[in-house]
*Asks:* 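One structure is given below, represented as structure tokens, and several questions about it will come after.
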Number of protein chains: 2
Amino acid sequence: MSVTIKDIAKKLEISITAVSKALNDRPDISDELKEKVKKTAKKMGYTKNTIASRLVNQKSNTIGVFILSRYKIPNEENTGFSFLSGILEVSNKNNFDVIVFSTDSLEKKSYLELCRERRVEGAIFIGLEYNTKQLEELSQSKLPIVLIDYKYDSPNISTIVSDSDTGIEKSFNYLKKLNHKKIGFINGHNKAYVSYQRLESFKKISKKYNLYNENYIFKSDFSIEKGYELSNMLLNLDDMPTAFIVSGAMTTYGLVKGFLDKNINIPKDISIISYDNFKLDAYFTPEITSISQNIDIIGKKSGEALFNLINNGKKEEIVLNTELIIRKSCEVVRNG
Amino acid sequence: MSVTIKDIAKKLEISITAVSKALNDRPDISDELKEKVKKTAKKMGYTKNTIASRLVNQKSNTIGVFILSRYKIPNEENTGFSFLSGILEVSNKNNFDVIVFSTDSLEKKSYLELCRERRVEGAIFIGLEYNTKQLEELSQSKLPIVLIDYKYDSPNISTIVSDSDTGIEKSFNYLKKLNHKKIGFINGHNKAYVSYQRLESFKKISKKYNLYNENYIFKSDFSIEKGYELSNMLLNLDDMPTAFIVSGAMTTYGLVKGFLDKNINIPKDISIISYDNFKLDAYFTPEITSISQNIDIIGKKSGEALFNLINNGKKEEIVLNTELIIRKSCEVVRNG
DNA sequence: CTGTTAGCGCTTTCAG
DNA sequence: CTGAAAGCGCTAACAG
């Protein structure tokens with residue numbers, strides 16, 4: 001099929017080894033020969049067969065990235081893919097290929113099997129379902145792994161999560177200054193670890209502020225439609241919060257639009273704090289106050305963590321701090 | 001390192017060949033043996049080394065996806081990644097792996113070299129720069145290729161683009177009914193093929209309607225910031241259009257927000273038609289009228305086209321029709 | 001500096 | 001139905 005080092009060895013009437021060494025710039029080859037080999041290699045249209053080379057070297061130079069169905073929703077709303085470019089950046093710097101798996105890859109094979117078959121040297125998981133059994137299998141393997149937005153303790157697993165406590169505490173602090181006492185929380189769906197984590201934070205902080213009320217906790221699914229829908233339900237409540245913290249930028253957009261369509265003024269009537277701090281938040285009407293998660297750097301950081309694990313065996317537990325970016329979706333409550 | 005078929009052959013005291021055949025369910029092996037082999041394989045924690053198997057089979061079972069820097073902008077605004085999930089879906093159905101390359105992969109190697117080295121069986125290009133020389137190299141190779149949003153004629157290349165003519169014609173038709181005569185166009189940056197294509201359509205259609213004015217053509221870069229910025233420039237114009245067609249949803253959001261911040265009412269003062277029809281358009285304030293591109297199905301379609309090319313050698317030139325989705329960002333012009 | 005030999009893990013004739 | 005032998009394309013000892 002394609003031209004091999006054997007072909008160029010034959011042409012030049014030298015050994016295959018010499019060709020291999022020349023192409024790989026080994027020191028024990030004369031510069032002239034290297035030149036000659038490289039030139040004719042190019043002329044003959046040779047390209048290295050990485051598959052063969054990976055086999056002999058017992059090194060795949062490949063990592064796997066799993067983008068799972070935490071958000072089984074349209075791509076626009078799937079933040080999972082946003083992490084990929086950062087991962088690609090650091091992988092390429094390390095001369096590694098990236099192969100991407102998504103939910104469809106998983107007909108009958110486990111995450112680990114997929115990795116092993118390809119002899120992947122490490123893997124990054126985005127949107128891993130909360131409490132999946134697969135995690136045990138993964139943690140028992142020695143495979144270097146990075147989990148994004150999921151906390152788990154195992155020697156071969158590094159994790160990178162956002163610290164939901166501080167973001168939510170800052171929100172309460174801010175909302176309190178605006179005289180809010182009824183603060184609601186709209187969570188994402190159960191399959192996401194972040195939902196569990198954010199809910200815990202919300203409970204903890206609201207109790208700390210003596211503002212806890214379990215009737216103020218609602219569930220959504222990160223989608224924009226669900227946010228819109230919720231506005232109806234919320235407005236029919238007997239005892240409605242005056243402010244909401246909403247998990248997920250898309251849900252916030254839907255919710256705000258829902259309120260607006262019913263002539264509820266945001267922020268005059270209801271205050272809203274979103275999560276994620278999408279760039280769009282600043283361009284929405286009203287501009288959305290949001291808990292920022294540094295979503296842009298997570299991809300890159302996760303890649304770096306993976307290679308740190310692969311190369312140095314160094315496990316990390318990265319916690320990114322969250323900020324409250326104040327814009328215009330909150331206001332002093334009228335009848336606190 | 002890991003367990004091989006040799007190991008399990010030794011354990012079972014049978015030949016390596018027998019193991020291989022049993023594992024691959026070849027007909028010339030007894031069912032009992034198959035059972036036994038598979039069982040002990042599992043027990044010993046065997047997983048096939050696809051690297052070795054790909055080498056013998058001379059088949060990589062891999063496609064490459066290039067997500068290029070057409071949008072060298074934050075991920076949120078990069079529609080490139082949205083296509084990936086569709087591609088993954090059909091690749092997995094075909095038992096192919098997907099390896100993703102981005103701009104950083106390209107230090108010194110050409111797209112084609114990257115593909116060849118990995119013996120990739122086909123490739124999909126997203127955001128290929130307009131008029132790049134690499135395209136010639138690609139077209140001279142026999143590699144099956146699909147180009148998204150780029151038209152090019154070559155036997156090994158299928159393309160999938162949106163038909164910008166009809167979308168823009170529908171826009172003109174609609175705007176004309178609203179009595180607009182000064183219709184502006186805000187284009188994306190030059191590197192994108194779609195910019196070239198949409199500009200051509202705009203010129204063609206505006207001439208057809210006798211509404212062409214070259215001073216009504218502006219350039220942006222698909223980013224949200226640039227859209228915002230443009231609002232200043234536009235408002236200082238002596239002869240300002242009463243309606244704009246804007247290439248790129250993000251730019252639209254920025255532009256609208258820019259106008260709003262200067263107390264320009266959209267749509268009362270200025271009408272706006274966007275491109276892309278992001279889901280968010282319907283939730284923005286005002287709801288954005290947009291040219292729809294079926295962005296959700298492009299990924300899947302491109303994957304199907306690629307496998308059609310790989311398996312059947314069938315080249316396609318897919319043109320997706322565009323619709324005008326009317327919402328609330330256009331209104332009858334005051335002093336037409 | 002160059003070449004011979006062996007082998008990575010798997011599949012595939014082909015002979016039994 | 002089973003196995004011995006050869007080989008995919010490349011690299012790494014080791015000997016010259």
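Convention: sequence-line order gives letters A, B, ...; per-chain numbering from 1.
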*Asks:* Distance criterion of 3.5 Å, no angle test: do you see the side chain of B:Thr17 paired donor-to-acceptor with the base of C:dT11?
*Replies:* no
*Asks:* Over all strands shown, is A:Ser53 touching base, sugar-phosphate only, or nothing at heavy-atom distances under 4.0 angstrom?
*Replies:*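 If one applies the 4.0 Å heavy-atom cut-off, A:Ser53 turns out to touch the sugar-phosphate alone, with no base involved.
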*Asks:* Checking the side chain of A:Asn156 only, and the main-chain atoms of A:Ser141 only, is there a donor and an acceptor separated by less than 3.5 Å?
*Replies:*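 Yes.
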*Asks:* Send over the distance from B:Lys10 NZ to D:dG3 P, rounded to a whole Å.
*Replies:* 16 Å
*Asks:* So, is B:Gln58 near the phosphate of D:dG9, with a side-chain N or O under 4.0 Å from OP1 or OP2?
*Replies:*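 For D:dG9, OP1/OP2 do have a side-chain N/O of B:Gln58 under 4.0 Å.
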*Asks:* At 4.0 Å (heavy atoms only), tell me whether A:Thr4 reaches a base, stays on the sugar-phosphate, or touches nothing.
*Replies:*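 A:Thr4: backbone/sugar contact only, no base atoms under 4.0 Å.
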*Asks:* If you define the side chain from C-beta out and look only at heavy atoms, does anything of A:Glu129 sit under 4.5 Å from A:Leu68?
*Replies:* yes
*Asks:* B:Tyr193 and ring-ring contact (aromatic ring centres under 6.0 Å, His included): which partner among B:Tyr152, B:Tyr150, B:Phe125?
*Replies:*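 Exactly one pass, corresponding to B:Tyr150.
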*Asks:* Which is true for B:Arg26 with a 4.0 Å heavy-atom rule: it touches a base, it touches only sugar-phosphate, or it touches nothing?
*Replies:* sugar-phosphate
*Asks:* Mind checking whether A:Asn49 and A:Thr4 have side chains closer than 4.5 Å, heavy atoms only?
*Replies:*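 A side-chain contact is absent here, since even the closest heavy-atom pair is not under 4.5 Å.
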*Asks:* Give a yes or no on whether a donor-acceptor pair under 3.5 Å exists between the nucleobase atoms of D:dA12, that is its base, and the side chain of A:Ser20.
*Replies:* no
*Asks:* At 4.0 Å (heavy atoms only), tell me whether B:Ile16 reaches a base, stays on the sugar-phosphate, or touches nothing.
*Replies:* base
*Asks:* Using a 4.0 Å heavy-atom cut-off, does B:Lys21 contact any base of the nucleic acid, only the sugar-phosphate backbone, or nothing at all?
*Replies:*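 The answer is base, as B:Lys21 lies within the cut-off (heavy atoms under 4.0 Å) of a base atom.
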*Asks:* Evaluate whether atom NZ of B:Lys59 has more than 12 neighbouring non-hydrogen atoms of other residues, nucleotides or ligands under 6.0 angstrom away.
*Replies:* yes
*Asks:* Which is true for B:Ser30 with a 4.0 Å heavy-atom rule: it touches a base, it touches only sugar-phosphate, or it touches nothing?
*Replies:* sugar-phosphate
*Asks:* Send over the distance from A:Asp7 CG to D:dG9 P, rounded to a whole Å.
*Replies:* 8 Å
*Asks:* Quick check on DNA chain C: between B:Thr50 and B:Asp28, whose nearest nucleotide comes earlier from the 5' end?
*Replies:*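 The residue whose closest nucleotide sits nearer the 5' end is B:Thr50.
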*Asks:* Closest approach to the side chain of B:Leu33, judged atom by atom: which nucleotide of D:dC10, D:dT2, C:dG9 is it?
*Replies:* D:dT2
*Asks:* Rounded to whole angstroms, how far apart are CG on B:Asn24 and P on C:dT13?
*Replies:* 13 Å
*Asks:* If I take atom CD1 in residue A:Ile14 and atom P in nucleotide C:dT4, what distance separates them, rounded to the nearest angstrom?
*Replies:*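 Atom-to-atom, A:Ile14 to C:dT4, this comes out as 11 Å.
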*Asks:* Separation of B:Glu117 atom CD from D:dC10 atom C1', in whole Å?
*Replies:* 14 Å
*Asks:* Nearest of C:dT11, D:dT11, D:dC10 to any side-chain atom of B:Asn57?
*Replies:* C:dT11
*Asks:* Would you say A:Ser15 reaches C:dT2's phosphate, i.e. side-chain N/O to OP1/OP2 under 4.0 Å?
*Replies:*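 For C:dT2, OP1/OP2 do not have a side-chain N/O of A:Ser15 under 4.0 Å.
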*Asks:* How many Å lie between CD1 on B:Ile8 and P on D:dG3, as a whole number?
*Replies:*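 Atom-to-atom, B:Ile8 to D:dG3, this comes out as 13 Å.
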*Asks:* Mind calculating the distance between CD1 (B:Ile5) and C1' (D:dT2) to the nearest angstrom?
*Replies:* 14 Å
*Asks:* I'd like to check B:Asp149 versus B:Ile160 (side-chain heavy atoms, cut-off strictly below 4.5 Å). Are they in contact?
*Replies:*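 Not in contact.
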*Asks:* State which of D:dG9, D:dT11, C:dT2 makes the closest approach to the side chain of A:Leu55.
*Replies:* D:dG9
*Asks:* Is there a side-chain contact between A:Lys59 and the phosphate of D:dT11, meaning an N or O under 4.0 Å from OP1 or OP2?
*Replies:* no
*Asks:* Take atom NZ of B:Lys6 and atom C1' of D:dA5, then tell me their distance rounded to the nearest Å.
*Replies:*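 These atoms are roughly 14 Å apart.
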*Asks:* For DNA chain D, whose closest nucleotide is more 5', that of A:Leu23 or that of B:Ile29?
*Replies:* B:Ile29
